[in-house]
Student: 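Let me begin by handing over the structure; questions about it come next.
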Amino acid sequence: MGQVTAIEIVNHGVNAAGLRPLETRLCRLNGRHEEPLRVLVFDGSCAEALATALTAPIDAAIDAGCGDEAAFSLPSALLTLRVSTVTANRLELAQIFVDTLQARYPEMESLASRMMDALQEAVGNAVMHGNLGLDSRFRATLEGLRWFAAAMAERLADPVFAHLPVTIVAQLRRGGIVVWVEDHGQGFDYSEAPSLPLMSAAGGYGLSIILGSCDKVSFSRGGRRISMLFRLPQRTIQTADKSSSRMQPSSKRL
Amino acid sequence: MQYTIKRSGTRIETVLTGRLTFSDATAFPKLIDDATKGAEACEIDVSALTFIDSTGLSLFVHIYDQAQATGQKLVLRGAVGQVKESLKRSNFEMLFEFR
């Protein structure tokens, strides 16, 4: 099949003035895909209906509240979601994402609980430590927690932080599904990341939950992207191979 | 997450409902104050909590630290499902009396 320029925008509450430049940039950045991409563009400030909107065969959903970062080169994926930090903090993003995947791909039911736990932690890290730039070590004491909570509220209200995107992508890989989460923060030195559960309010436990929930974890882009592999049972992979459309409800070839 | 506080003499019962996650972190300092200040016994009912993440778990570490510092009795009640699993996995049974 030849490559076509094709982005079909499904607008969900974004005004025309905001939508037009975003649509133009998305088309320019995604001019070469084998099949048309259906992209839901929504207003993150009133995104309560996002879960419902994602029941439609949407390839990617983008929060227009990400401003200049809303348009990007979309990866080939089962599902892509990009939302602003303030939206990621307000919505139950991990649950929406996993529920959407599970509804589309019943084969991954056995992974859903682990994926939910891991994705919740990854999104929390992307929001608090990535885009909001808050060091969890402040939470070690109650006084530090007060500072942390006040700074978090302040930065969520600051457009410089609030509009930074959090991107979640699920991709079918040999043997399973990779979910990656990327923020736009300063990154971190993941060689120093703790791997054991810590009984401490200062944090670190989130990463051990991720390590315990995934079959493989890796970091890239200076620690701004975490990739988590969830292996599918062998029987599921064979089923998916024989009936590829069951793993590709959006009609997109992976 | 939402919470309600019931005071009975020097006993405070805090009832948490919904999902306790990083999104609630801005509310933690007030919640800790409400749940512990002026009490001899703090009881936290989590039976209506449906999900907890690591940031949510850290709330209980702070409440435990407060209780330890002031000699308060601490009880965690009614954990079920993912919340119960997360608390057990994190060895919170070592910190709290579970009911």
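The structure displayed is predicted, hence computed values, not measured ones.
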Student: Pairing donors with acceptors under 3.5 angstrom, does anything connect the side chains of A:Asp63 and A:Thr87?
Tutor: yes
Student: Between A:Leu164 and A:Asn131, what is the shortest heavy-atom contact and its length?
Tutor: O-ND2, 3.4 Å
Student: Answer yes when B:Arg19 and B:Asp53 have at least one side-chain N-carboxylate O distance shorter than 4.0 Å, and no when they do not.
Tutor: no
Student: So, for A:Ala70 and A:Ile62, which heavy atoms are closest and what is the spacing to 0.1 Å?
Tutor: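 Between these two residues, the closest heavy atoms are O-CG2, 3.3 Å.
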Student: Minimum heavy-atom separation for B:Phe28 to A:Leu145, with atom names?
Tutor: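 Heavy atoms of B:Phe28 and A:Leu145 come nearest at CB-CD2, 3.9 Å.
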Student: Please find the pair of heavy atoms, one from A:Gln171 and one from A:Pro75, that lie closest to each other, and give the distance.
Tutor: NE2-CB, 3.8 Å
Student: Can you measure from CD (B:Gln72) to OH (B:Tyr64) and round to the nearest 0.5 angstrom?
Tutor: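 Here the rounded value is 12.5 Å.
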Student: Taking atom CD as the centre, does B:Glu93 end up with more than 12 heavy-atom neighbours from other residues, nucleotides or ligands that are less than 6.0 angstrom away?
Tutor: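 Result for CD/B:Glu93: enclosed.
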Student: Where along residues 73-80 of chain B does a heavy atom come under 4.5 Å of chain A, listed by residue number?
Tutor: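 Within residues 73-80 of chain B, no residue comes under 4.5 Å of chain A, counting heavy atoms only.
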Student: Please identify which of these residues, A:Glu107, A:Met115, A:Arg231, meets the side-chain contact (heavy atoms from CB on, under 4.5 Å) condition with A:Ile177.
Tutor: A:Met115
Student: If I measure from the heavy atoms of chain B, does A:Ala94 come under 4.5 Å with its side chain, its backbone, both, or neither?
Tutor: neither
Student: With a 4.5 angstrom heavy-atom cut-off, which part of B:Phe51 approaches chain A: side chain, backbone, both or neither?
Tutor: side chain
Student: With a 4.5 angstrom heavy-atom cut-off, could you sort out which part of A:Gln120 is near chain B: side chain, backbone, both or neither?
Tutor: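 Looking at A:Gln120, backbone and side chain both touch chain B.
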Student: In chain order, what residues pass the side-chain hydrogen bond (donor to acceptor under 3.5 Å, both in side chains) check against B:Thr4, with sequence neighbours excluded?
Tutor: none
Student: I need the residue from A:Met116, A:Met152, A:Arg146 with the largest number of non-hydrogen atom pairs under 4.5 Å to chain B.
Tutor: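 If we count pairs closer than 4.5 Å to chain B, A:Arg146 comes out on top.
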Student: For A:Asp183, what residues pass the side-chain hydrogen bond (donor to acceptor under 3.5 Å, both in side chains) criterion, not counting sequence neighbours?
Tutor: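 With sequence neighbours excluded, A:Asp183 shows a side-chain hydrogen bond (donor to acceptor under 3.5 Å, both in side chains) to no residue whatsoever.
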Student: Between A:Phe230 and A:Ala118, which heavy-atom pair has the shortest distance, and what is it?
Tutor: CZ-CB, 3.9 Å
Student: Using a cut-off of under 4.5 Å for heavy-atom pairs, which of B:Ser23, B:Ala27, B:Ser86 has the most such pairs with chain A?
Tutor: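 Highest number of heavy-atom pairs under 4.5 Å: B:Ser23.
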Student: What residues of residues 32-49 of chain B make heavy-atom contacts with chain A at a cutoff under 4.5 angstrom?
Tutor: B:Ile32, B:Asp33
Student: Answer with side chain, backbone, both or neither: which region of B:Leu59 has an atom nearer than 4.5 Å to a non-hydrogen atom of chain A?
Tutor: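 It is neither, since no heavy atom gets under 4.5 Å.
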